[in-house]
Amino acid sequence: MMVERRHPSPGGQAGPAAVPLYGFQPPAGTPYGLEVSTVEDFFAQHDDWPWNPPRPGRATFHYLIAVTEGELRHDVDHVTRTVAPGQWLWVRPGHAQCWHPPGAARGPFILFEPNVLRPDIARLLAPITAHGAPAVVSPHPADTAWLQQTALQLLDEHRALGRRPLDVHHALRRSLLESLLLRLANAPGVTPADMSAGTSRGATYGQFTDALELHFRELHQAADYAELLGCSVRTLSRAAREATGRGVRELIDERRLLEARRLLGSAQWDARSVAAHLGFTDPANFGRFFRDRTGLTPAAFAARDTTPHP
C-alpha cells in the first residue's frame with residue numbers, strides 16, 4: 001500500500017487542524033524509496049476511502065502524477081488544482097494535500113523519496129523540487145509525448161521486479177526517473193537552476209528549506225533547525241543570509257504567515273484552528289503575529305479574501 005488509507009485524528013474526529021505527516025510505506029518487496037503505479041489503480045485500491053469529505057495529509061516524499069486522460073482535481077496547500085491531460089501534478093514533501101473523489105483521470109503515478117536521486121542530479125533538479133515550484137507543471141508541447149512514454153517505461157520497469165538483478169533493476173528505475181525529472185525541470189514557469197546551491201552554504205540552506213517545510217508548524221527557532229541539520233546557528237544564519245538576504249527567524253515566520261494566509265483564505269479555517277495548526281498556544285498571540293505582518297486581523301483578512309478555488 002502506497003499510503004495510509006485513513007487519516008486519523010485525536011478522539012476519532014478529523015478536526016480542521018489535524019494534518020498528519022506520513023512517511024514512505026511501499027508494498028513489501030518494493031526496493032528503495034521509489035514506487036510507480038497508475039491513478040486508476042490507486043483509486044481502485046482505495047475505493048473505501050471517506051471521499052466525502054476527504055481528509056488532508058502531508059508526506060515526507062514526492063507525489064508525481066502524469067494525467068494522460070480525463071481531469072484530476074487535487075488540493076495542494078489548501079488550494080484546489082485542476083490538472084488536464086498533458087499536465088503533471090507535483091506534490092512536494094511537507095505540502096498539505098487532499099484527494100478529491102475518483103474521477104475519469106488516468107495516468108502514471110510516481111512516489112519517490114528525495115534521497116533516491118543522486119546528489120549531482122538533485123542539484124540540477126533543485127528548481128523543480130523546490131517547495132515553491134509550481135504544483136501543476138505544463139511541459140513544452142514537444143516534450144509531452146516523450147515524458148508520458150518515459151513514465152510508462154518507468155512503470156513497466158517497476159513492475160519487472162525479479163526479471164533482472166536487483167541492483168540493475170533499481171539503476172534502471174532511477175535512471176528513467178531522473179531523465180523524466182530533468183526534462184520536466186525545463187518546463188515553462190520553472191526557475192532555472194542556481195548552481196550556487198552546490199556550495200557548502202548553498203547545500204546547508206537547501207537542507208534548511210526542506211526541514212522548514214516539514215517542521216514549521218512545530219519548530220519556530222533557528223536553534224531547532226541548526227540541531228536538526230547538525231550545524232551551528234551561526235552557520236545556518238550565514239547560509240540563509242547568503243541565499244536570501246534574510247535571517248532564519250524571518251524565514252520561519254514568513255513560512256508560518258504563508259500557511260496562515262492559505263488557511264484563512266482559500267481553505268476558510270477559523271483563526272483558532274489556524275493558531276493551533278501553527279503551534280501558537282494562545283490565539284491572541286497568533287492574532288498579534290498576523291496583524292503585525294499584514295496590517296489586518298485574521299478575521300478581517302478572511303472576510304476580505306473570498307476568492308473561490310481556481
Side-chain angles (χ1 to χ4, degrees), residues 1-6 22-49 51 57 59-74 76 83-93 95 97 99-118 121-122 124-125 128-129 135-137 139 143-185 187:
M1 193 62 60
M2 289 181 285
V3 293
E4 290 285 346
R5 286 177 179 248
R6 304 286 179 179
Y22 294 118
F24 192 71
Q25 297 179 336
T30 301
Y32 308 101
L34 169 63
E35 185 182 358
V36 191
S37 183
T38 65
V39 175
E40 51 269 36
D41 285 347
F42 175 80
F43 284 141
Q45 293 165 3
H46 297 79
D47 59 359
D48 63 334
W49 270 38
W51 293 109
T60 61
F61 49 92
H62 294 269
Y63 278 68
L64 185 61
I65 299 175
V67 176
T68 58
E69 299 178 32
E71 184 179 86
L72 179 70
R73 287 169 60 79
H74 197 88
V76 182
V83 192
Q87 295 181 313
W88 294 67
L89 175 75
W90 196 321
V91 184
R92 294 161 182 87
H95 286 193
Q97 63 168 316
W99 290 89
H100 280 244
R106 300 289 184 271
F109 183 8
I110 304 166
L111 300 95
F112 65 97
E113 294 186 289
N115 60 9
V116 167
L117 305 173
R118 290 171 291 182
I121 300 298
L124 294 174
L125 292 173
I128 194 73
T129 58
V136 178
V137 181
D143 287 341
T144 300
W146 185 94
L147 286 165
Q148 292 180 357
Q149 290 168 4
T150 303
L152 292 174
Q153 290 174 356
L154 175 57
L155 175 62
D156 180 70
E157 182 58 37
H158 181 77
R159 291 172 170 172
L161 179 64
R163 295 186 206 165
R164 284 171 276 280
L166 186 59
D167 56 348
V168 174
H169 172 68
H170 179 57
L172 283 168
R173 291 193 313 150
R174 183 166 63 181
S175 177
L176 287 165
L177 175 67
E178 290 176 343
S179 297
L180 188 156
L181 299 183
L182 286 167
R183 188 73 72 99
L184 276 178

Please answer whether the main-chain N or O of [Y] pairs with a side-chain N or O of [X] as donor and acceptor at a distance below 3.5 Å.
X: Glu71; Y: Ala105; answer: no
X: Ser37; Y: Phe109; answer: no
X: Arg183; Y: Asp143; answer: no
X: Thr150; Y: Trp146; answer: yes

**Request:** List in chain and number order the residues that pass side-chain hydrogen bond (donor to acceptor under 3.5 Å, both in side chains) with Asp156, two or more places apart in sequence or in another chain; answer none if no residue qualifies.
**Result:**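 For Asp156, no residue satisfies side-chain hydrogen bond (donor to acceptor under 3.5 Å, both in side chains) once neighbours in sequence are set aside.
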Can you tell if the side chain of [X] reaches within under 4.5 Å of the side chain of [Y], non-hydrogen atoms only?
X: Val116; Y: Phe61; answer: no
X: Leu34; Y: Leu177; answer: yes
X: Leu161; Y: Leu166; answer: yes
X: His62; Y: Thr129; answer: yes

**Asked** Hey, mind stepping through Thr38 and Arg106 against side-chain contact (heavy atoms from CB on, under 4.5 Å) and telling me if it holds?
**Response** CA-CA 7 Å; Thr38 65; Arg106 300 289 184 271; over 6 Å; no
**Request:** Check the side chains of Arg164 and His169 for a donor-acceptor pair under 3.5 angstrom, ignoring hydrogens and angles.
**Result:**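 No, no side-chain donor-acceptor contact under 3.5 Å.
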**Item:** side-chain contact (heavy atoms from CB on, under 4.5 Å) between Val67 and Gln87, intermediate numbers included
**Value:** CA-CA 6 Å; Val67 176; Gln87 295 181 313; 5.7 Å; no
About how many Å separate [atom2] of [Y] and [atom1] of [X], when rounded to the nearest 0.5 Å?
X: Trp90; Y: Ile110; atom1: CH2; atom2: CD1; value: 9.0 Å
X: Glu178; Y: Leu125; atom1: CD; atom2: CG; value: 7.5 Å
X: Leu172; Y: His170; atom1: CG; atom2: NE2; value: 10.5 Å
X: Leu181; Y: Trp88; atom1: CG; atom2: CH2; value: 8.0 Å
X: Leu154; Y: Leu176; atom1: CG; atom2: CG; value: 5.5 Å
X: Leu180; Y: Ser175; atom1: CG; atom2: OG; value: 11.0 Å

Indicate the atoms forming the closest heavy-atom contact of [X] with [Y], along with that distance.
X: Pro108; Y: Leu152; answer: CG-CD2, 3.9 Å
X: Thr144; Y: Gly86; answer: CG2-CA, 4.0 Å
X: Gly23; Y: Thr60; answer: CA-OG1, 3.4 Å
X: Leu117; Y: Ala122; answer: CB-CB, 4.3 Å
X: Pro114; Y: Pro93; answer: CG-CG, 4.2 Å
X: His158; Y: Val36; answer: CD2-O, 3.2 Å

**Request:** Could you walk me through whether Phe24 and Glu35 pass side-chain contact (heavy atoms from CB on, under 4.5 Å), step by step?
**Result:** CA-CA 10 Å; Phe24 192 71; Glu35 185 182 358; 4.0 Å; yes
**Request:** Output, in order, the C-alpha distance, side-chain angles, deciding distance and verdict of side-chain contact (heavy atoms from CB on, under 4.5 Å) for Leu89 and Val76.
**Result:** CA-CA 9 Å; Leu89 175 75; Val76 182; 4.0 Å; yes
**Asked** Excluding sequence neighbours, so at least two apart, what forms ring-ring contact (aromatic ring centres under 6.0 Å, His included) with His74?
**Response**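 His74 satisfies ring-ring contact (aromatic ring centres under 6.0 Å, His included) with Trp99 once adjacent residues are dropped.
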